[in-house]
Each structure stands twice: as C-alpha cells, then as structure tokens.
Amino acid sequence: MSKNDSQKNIIDRTIIAALADRAAGHDAPGGNPRLKEIVRRLTADLMVAIDDLDITQDEFWAGVTYLAKAGQSNELGLIVPGIAVEHYLDLRLDEKERRAGLDSGTQRTIEGPLYVAGAPLAKGSARLDDGSDDGEVLFVQGRVSGPDGRPVEGAIVDVWHANTMGNYSHFDPSQPAFNLRRRIETLADGTYSFRTIMPAGYGCPPGSQSRLLMESLGRHAERPAHIHFFVTAPGFRKLTTQINIEGDEYLHTDFAFGTREGLIPAVKRVSDAVEIHARGLNKPFAAIDFDFSIALDAEGVVGTEVSRPRAAA
Ligand code: MBD
Ligand code: FE
C-alpha cells in the first residue's frame, strides 16, 4: 500500500473484518457455508475499496441505482462480458485444464447472453436463414474430432448468430422463431455444414445501461461479427466457443473480450460462375472451413456444462 493510500484509509482493517464476519453470519450457526464465505469476502473487499478510493455516499448510491436499472432491463448478462469478467472465467477454466494435463482442443470463448435453447435439430447440414434477409450468403463447414483426431459421429453443433443488422432472433421480435439458430448433428465422418447469411457485429442497444457504462469509460460498445457454437457429444466435455469474421473493424477491440487468435478462420470469397451455379446461387458467396476438436470427459477437473439463466422458446 502506498503512503498516500494509508493516509486516506480512515477505518481500521480489523473493524472491517469484524463487520464483514457478522454481515456474512460467521457468528451464526446456520446458513450455507459456501455462501457465507463468499459474502464475507465480497463485503470486506467492498468496504476496503470504499475506504481506499474514498468513495462518496453519492457515488455509492449511484452505483446501486445503476445496477438496479441494469437488472431491470436484463442487462447484467451484457455487463459481465463488458467488464471482461466472463472472459476471465474462461481464462481460469483454461488454466485448470492445463494444470490437469488436459488437451482442451479448440479454444473456448464466452457464451454471452443471447443463446436460446431448443433450436431445430438437423442431421449433417442445415439452412439457418429463412431467405428474407438479402445478406451475403455464407457456407460454413467442418469436422468435429476428438483428442486422437478421430471424427466424432453424432456430436451436436448448436449454432447461433445475429442477422445483418446485428440482431438475434427471440430478442428481436421482428425475426421468426429460431431464425439463425440450429442444432446440427454430425455425420459418421464427423462433418457438419450449414448455409446462412453473413452476420453483422452486435452493438449494445442505444440508450441501454450497458452502452452507458462503456461510453462513460471512454470505450465503445460493439462486438465484431461472430458466430456462436456449443459442441457436445456423449463422453466429451462441452465446448463453448465462437468464430469471428476476419476484417471486422472491431475484431481486436471486442467490447466483450470474446476474440481469440485461434478463432478467426479465413473467409473465402467465391465469385467463380461454376461454383456459384453449383451452389444453386446467382451471386458471389462466402465460405468458411472450421473444424472443432473436443476434449474427453475427465475426472478431477471442473466440468464445462455451466448452469446459468438462459432463454428457451
Ligand atoms: C453478443 O452477441 C454477445 O455474443 C455477447 C457476449 C455480448 C453481447 C452480445
Ligand atoms: Fe453474440
């Protein structure tokens, strides 16, 4: 602690410790021990921060009001990635796997708040768009394999992404149910493929609490264009990841810290008339090859099936 800090501290740390103990029910017999431990720590850390930074009462209540509003508009799931905490949870999981000697396979990255459970299931391949969005046609294809490189048959590739306005179905009532959302089961050779439209990046809504926070920090509130995936198969760890679209102006400044170097596949632009015709199209299209490697279920390392609030339709 610097001299300056210690001059500003006006409450003895032993007083904070005693208060936090009582706040967390440490002197009471009942309750949930794990919850008590967490509340004890967070309460004490908050009190220390107030003292170190000399947070005023006005500032404190502005923070409480901000969180209440963000909760009311259902934006906490945007703020958590916006302050890098969702990515931080991924970094901790990566490190736990590394220490357990586990080959994680394809890099994970954040789920984000816009998944909807229960998308239509298709075998091998699917079309994700309903044809009403005249965006660039995009074909994505690849293979799911295990740590030994052998293909995984019957894996489920659960894919979701935004439309050309950066909006997600379900959260955007102008789109049909499950638009740009599918579950695709891999074939015997582990392959999957889908046709869709090139997504645009997502921006926090105008006037939203999440955008307000980012702009008050001097940051922007934009994500680069991306496509989300869960890849699951019996006997394997669930992979939660995304691919980013190369060339996006926000590729390396994602407000949600989701971009990772291994998750930026090349986008092939195809304008050859024969290939266009072979795809049943009349205009150039884009294509991405992306393979997934998934890790085997393992004991002694925390699982990757995360319980969190999710929309379902
Ligand atoms: C998104 O589309 C997203 O993926 C995340 C993590 C946050 C906000 C919007
Ligand atoms: Fe997203």
Side-chain angles (χ1 to χ4, degrees), residues 70-71 73-94 106-117 119 128-129 133 135 138 140 157-175 178-183 194 196-215 217 219-231 238-246 248-260 262-265 267 288 290 304 306 308-313:
S73 55
N74 198 23
E75 285 184 77
L76 295 176
L78 280 176
I79 291 167
V80 169
I83 59 173
V85 173
E86 195 167 346
H87 175 61
Y88 174 72
L89 298 176
D90 279 344
L91 294 181
R92 294 193 75 253
L93 196 45
D94 291 348
T106 300
Q107 278 185 307
R108 65 169 46 82
T109 195
I110 58 171
E111 172 179 335
L114 303 174
Y115 176 73
V116 179
L128 276 56
D129 67 300
D133 189 326
L138 169 65
V140 180
V157 177
D158 196 339
V159 50
W160 72 103
H161 69 80
N163 67 5
T164 55
M165 309 280 285
N167 295 323
Y168 285 79
S169 66
H170 184 88
F171 303 94
D172 167 15
S174 80
Q175 295 181 49
F178 291 115
N179 196 38
L180 311 179
R181 300 176 185 273
R182 287 296 183 279
R183 288 177 296 153
F194 59 89
T196 191
I197 48 165
M198 186 65 80
Y202 173 94
C204 292
S208 64
Q209 297 302 305
S210 46
R211 178 169 288 277
L212 172 66
L213 176 62
M214 292 304 124
E215 290 177 354
L217 296 172
R219 297 174 49 192
H220 67 70
E222 312 296 327
R223 294 211 68 202
H226 60 279
I227 300 174
H228 295 264
F229 299 94
F230 288 150
V231 183
K238 175 178 180 175
L239 171 65
T240 299
T241 195
Q242 307 175 20
I243 56 173
N244 280 109
I245 306 304
E246 64 177 6
D248 191 293
E249 72 172 302
Y250 299 112
L251 188 58
H252 295 293
T253 63
D254 180 7
F255 101 93
F257 298 87
T259 307
R260 305 190 85 170
L263 302 175
I264 313 171
V267 179
I288 292 174
F290 197 77
T304 50
V306 175
R308 59 179 283 175
R310 291 189 179 95

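Atoms within a ligand are numbered from 1 in the order they appear, just like the ligands themselves. All values below were derived from every heavy atom in this structure, side-chain atoms included, with hydrogens, water molecules and symmetry-related copies excluded.
Looking at Arg211 and Glu75, no side-chain N of the basic residue comes within less than 4.0 Å of a carboxylate O on the acidic one, giving no salt bridge. Ion pairing between Asp94 and Arg260 holds under the 4.0 Å rule for side-chain N and carboxylate O.
Residue contacts with ligand 1 leave out Gly258, since none of its heavy atoms falls under 4.0 Å from the ligand. Residue contact check for ligand 1: Glu86 places no non-hydrogen atom closer than 4.0 Å to it.
The single protein non-hydrogen atom nearest to atom 7 (C) of ligand 1 is Pro113 CD, 3.5 Å, given as residue, atom name and distance.
In summary, the aromatic rings of Tyr88 and Phe257 are positioned with their centroids too far apart to meet the 6.0 Å limit. Not less than 6.0 angstrom separates the ring centroid of Trp160 from the ring centroid of Phe229.
Side-chain atoms of His252 and Thr259 form no donor-acceptor pair, as typed in the model, at a separation below 3.5 Å.
Checking only distances, Arg223 does come within under 3.5 Å of ligand 1, N or O to N or O. The shortest N or O to N or O distance between Tyr168 and ligand 1 is under 3.5 Å. An N or O contact shorter than 3.5 Å links His228 to ligand 1 by distance.
Taking 2.8 Å as the criterion, Tyr168 counts as a coordinating residue of the Fe ion (ligand 2), since one of its N, O or S atoms falls below it. Among the atoms of His228, an N, O or S atom is found under 2.8 Å from the Fe ion (ligand 2).
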Q. How far apart are the C-alpha atoms of Glu111 and Gln242, what are their side-chain angles, what is the distance that settles it, and do they pass the side chain to side chain contact (heavy atoms under 4.5 Å, CB included) test?
A. CA-CA 8 Å; Glu111 172 179 335; Gln242 307 175 20; over 6 Å; no
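Residue Ala162 does not touch ligand 1, judged by heavy-atom distances below 4.0 Å.
Atoms of ligand 1 found under 4.0 Å from any heavy atom of Leu114 (numbered from 1 in listed order, with element): 1 (C), 2 (O), 9 (C). Less than 4.0 angstrom separates some heavy atom of Ile110 from each of these atoms of ligand 1: 6 (C). For ligand 1, the atoms closer than 4.0 angstrom to any heavy atom of Leu78 are 7 (C), 8 (C).
Checking Arg223, His226, Glu222 one by one against Tyr250, the side chain to side chain contact (heavy atoms under 4.5 Å, CB included) holds for a single residue, Glu222.
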